[in-house]
**Student:** 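Please read through the structure below; I'll follow up with questions.
Quick note on labels: first sequence line is chain A, next is B, and so on, each numbered from 1.
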Amino acid sequence: MSAALLEYLEAQQGIVFKKLYRQPSTVLAVLRRMLPHLAKSIVMAMLYMPEPFLESDLYTWIRTDCTAERDEALGTLKQLHILQQVQEPAIPRAYHLAPTFSRSLRQALTGGGNHRSFGVPSSTKDPRRMTLTALDDWARKKWEAILHYMVVSTNTRMDDQAIHLSTGTKMLLDAGGFVQSQGQRTMITKAGFSFLLQEANTQIWTLLIVYLEMGSTLDMEPVEVLSFLFTLGSLELGQDYSTEFLTPTQEKMLEDLSDFGIIYCRPDDKTRFYPTRLATTLTSDAGALLSSQLSGTSSTGPAQAQKGYIILETNHRLYAYTNSQLQINIIALFTNLNSRFPNLISGKITKGSINRAIQLGITSDQIISYITTHAHPQMLKNTPPLPPTVVDQIRLWQLEENRMKVTNGFLLENYENHKEYLDDVNYAETLGLLLWKSDEKRKYFVADINLMKSYLERKANAKRPKA
Amino acid sequence: MEGIDATDRNIIISNATPPSILTIILDTNPIAWSALSPTLPLTKALSSLLVFINAHLAINHANQVCVIASHTDRSTWLYPTPKPTKGHRHSSTNKSNGVSKPTAEEDANKYRPFLAIEQQVLSNLRALIDDTDPDTLEEGESTQIAGALTIALTYINQQTLQASPSGPDSNYIRVAEQPPPSTSTTAGQSQTSSLVSRILVLSVSSDLSSQYISVMNAIFASQRLQIPIDVLKLAGDTVFLQQASDATGGIYLAPETEALKGGAGLLQYLMMGYLPDVTSRRWLVMPGDQEVDFRAACFCHRDVVDLGFVCSVCLSSTFLRSQGLTR
């Protein structure tokens with residue numbers, strides 16, 4: 001699931017959802033992409049249910065030992081305004097799907113209506129039809145340029161010839177906080193590093209959310225932007241689509257999206273556009289990218305991408321079968337590379353290299369997950385895929401960096417009476433506020449003073465009448 | 001040093017829900033369907049089934065579906081269409097753009113994969129029915145369920161091999177190393193497999209005892225591969241399919257004919273009972289804990305018997321001769 005997208009949607013008003021859910025392709029994408037697996041089953045079960053679903057029935061249907069999953073599913077459904085409680089009668093409590101949502105989902109499943117949300121194919125034939133490989137190449141070139149721009153900015157010398165990014169994209173990266181301009185030079189930020197090590201699909205969504213937020217300041221209706229993105233996700237690869245029925249906002253988006261490599265527009269033909277693999281996998285989740293049908297979203301070519309290329313040995317040596325400058329640069333972020341061959345680089349993960357990465361703001365988990373997602377097929381035969389010794393060592397090296405843990409709180413001291421001290425400490429302990437205590441010195445440290453204050457005041461008040 | 005723990009090494013593996021493959025075996029026995037037509041005509045059932053297929057595909061981008069017809073004399077593919085489609089999926093769908101799809105306008109209102117499946121299933125079913133010679137139907141109410149089950153299993157096996165991340169060869173090891181099947185089928189499988197699968201049989205025919213041995217073999221194979229066989233019995237009485245779903249941990253439902261009237265009831269049965277895949281079945285209380293008819297068929301006459309002899313060497317069963325004599 002795309003966390004960035006979910007976060008963005010959750011912050012929206014109910015009216016936005018109502019507008020969004022009018023479009024079947026959006027509903028389909030939200031169902032696929034945003035919901036926990038159990039929630040999908042619940043939605044589908046309720047879709048053709050004539051009566052509202054009684055809460056008691058729902059609870060009987062879901063196993064009693066799975067309350068955590070149940071609450072997660074119901075919570076997400078409510079947050080996304082999909083599930084609504086029936087108002088009349090309020091007791092017994094029952095749920096139904098939001099009418100707009102269920103109508104659109106039914107339309108998506110059965111067809112019909114006149115919403116054109118699944119893209120209108122071009123009516124005329126393209127004399128120079130794009131092939132799948134050409135589209136993949138285009139998408140890869142564009143997307144790698146963005147990543148490359150960020151990686152290269154870590155180095156002190158800027159290699160400007162290699163990168164052609166439009167000013168719009170550069171502004172976007174800046175707005176998202178992935179890079180930071182300092183005078184002439186552009187520096188990558190911590191957020192930028194975590195962005196780099198993410199999976200392609202997550203990267204795209206992260207960037208698109210930034211685009212969405214930036215767009216709303218530029219008079220672009222967020223609902224239209226989102227709807228168009230979800231439409232893109234349901235298009236077919238290799239088919240050309242007509243731009244005839246797009247709204248002005250969406251036409252403006254075409255240019256920006258082709259800068260990211262998500263769609264392809266021929267400069268001399270504005271009447272049609274091709275979605276690339278980056279677009280058609282927008283609504284699929286991480287698991288789908290690994291599967292055999294969908295390959296080319298990661299940075300290597302479609303043939304290589306479905307296979308990983310990194311081998312990590314128990315002696316901390318790392319081999320990567322790649323000749324892509326981008327991948328070499330990314331691996332160099334956390335590895336000491338020592339030799340390069342035409343199709344292979346080799347290096348070693350050392351304490352120094354990991355610490356360097358951590359200084360840049362990369363976490364050990366990001367490194368580990370990057371290596372795991374790009375692990376060579378031979379590595380995947382092992383369970384766990386990566387050698388545990390190395391994984392643990394990387395984590396330990398990170399922990400060495402932050403040995404101190406900072407907690408804000410309050411120190412209480414100068415107790416005259418040991419009994420009073422014990423009483424207060426016990427109270428703090430039962431509330432779970434106590435972080436540290438020293439019985440000899442009669443000092444203790446609590447996380448929150450307000451509760452303690454009111455307790456101490458109550459105690460003082462209780463004493464006063466006696467005195 | 002908190003947070004260092006050997007248990008959380010494989011965080012990434014279990015996070016994503018594995019895609020699931022749904023194999024539907026549609027019993028297309030014309031005699032049985034014509035008997036059922038007052039309550040549930042084939043067209044209504046088919047449209048419910050297509051919505052159900054779309055719902056399955058809607059759940060996950062990588063979900064797959066295949067539909068097999070189990071006819072009176074053979075079993076055949078309804079989707080994917082075997083020869084023209086295999087391997088050239090894109091080119092064939094592109095070709096059909098110009099030919100069979102009415103207008104671009106209508107196309108834009110339906111998700112393309114849904115449209116492709118609907119067209120293929122309908123045209124293949126039509127071809128199958130046109131092919132059927134009415135004279136051959138006299139023989140009885142049988143249907144080639146064993147053949148269909150075998151096709152389904154081979155297809156699932158093929159897809160699982162292709163989907164496994166480490167290539168086909170490692171998968172052989174996985175199957176061989178699997179512990180003998182037990183009742184807790186779900187937990188172990190979803191950990192290792194990158195694709196979960198299940199079979200749904202829509203049954204209308206009643207007489208299957210002639211295929212007893214081959215059906216049972218298919219059941220044991222899917223039990224071993226941990227593929228649940230779900231059965232929705234619309235009509236007829238099928239002893240062995242009930243055993244199939246019981247042995248493989250599938251769902252067996254036999255709704256009242258009244259509840260199915262018009263097709264809307266069927267859709268609700270499908271959406272609520274049969275749509276959750278193996279992954280979500282872990283969280284749900286699945287329907288159908290009724291008594292299972294465990295009777296076997298005798299190997300000599302293929303009759304279902306209550307009481308019989310079992311050979312201690314080959315475990316074949318024969319009917320009790322005295323029973324026949326006393327009657």
**Student:** Can you find a heavy atom in the side chain of A:Leu47 that is under 4.5 Å from one in the side chain of B:Met271?
**Tutor:** yes
**Student:** Using a cut-off of under 4.5 Å on heavy-atom pairs, state which of B:Leu270, B:Leu267, B:Leu275 scores highest against chain A.
**Tutor:**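 Highest number of heavy-atom pairs under 4.5 Å: B:Leu267.
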**Student:** Checking heavy atoms, do the side chain of B:Ile59, its backbone, both or neither come under 4.5 Å from chain A?
**Tutor:**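 Both the backbone and the side chain of B:Ile59 come within 4.5 Å of chain A.
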**Student:** Answer yes or no: is there a side-chain heavy-atom contact under 4.5 Å between B:Trp283 and A:His37?
**Tutor:**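 B:Trp283 vs A:His37: side chains touch.
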**Student:** Where on A:Tyr59 is there a heavy atom nearer than 4.5 Å to chain B: the side chain, the backbone, both, or neither?
**Tutor:** neither
**Student:** Please round to the nearest 0.5 Å and tell me the distance separating atom CH2 of A:Trp61 and atom CE of B:Met272.
**Tutor:**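 Answer for the CH2-CE pair, A:Trp61 versus B:Met272, is 4.5 Å.
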**Student:** For the atom pair CZ (B:Arg282) and CG (A:Asp65), what is the distance rounded to the nearest 0.5 Å?
**Tutor:** 11.5 Å
**Student:** Quick check for you: to the nearest 0.5 Å, what is the distance between A:Leu109 atom CG and B:Leu50 atom CG?
**Tutor:** 11.0 Å
**Student:** If you measure from SG on A:Cys66 to CG on B:Leu284, what distance do you get to the nearest 0.5 Å?
**Tutor:**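 Between atom SG of A:Cys66 and atom CG of B:Leu284 there are 8.0 Å.
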**Student:** Could you tell me whether the side chain of A:Thr64 reaches within less than 4.5 Å of the side chain of B:Val285, counting heavy atoms only?
**Tutor:**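 No. Closest side-chain heavy atoms not under 4.5 Å.
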**Student:** Where is the tightest heavy-atom contact between B:Tyr111 and A:Phe118, given as atom of each residue plus distance?
**Tutor:** N-CD1, 3.5 Å
**Student:** Donor-acceptor pair, A:Arg32 side chain versus B:Leu57 backbone, under 3.5 Å?
**Tutor:** yes
**Student:** Between NZ of A:Lys40 and OG1 of B:Thr279, what distance do you get to the nearest 0.5 Å?
**Tutor:** 9.5 Å
**Student:** For chain A, find which of B:Ser280, B:Ala58, B:Pro276, B:Ser47 contributes the most heavy-atom pairs closer than 4.5 angstrom.
**Tutor:**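 The answer is B:Ala58.
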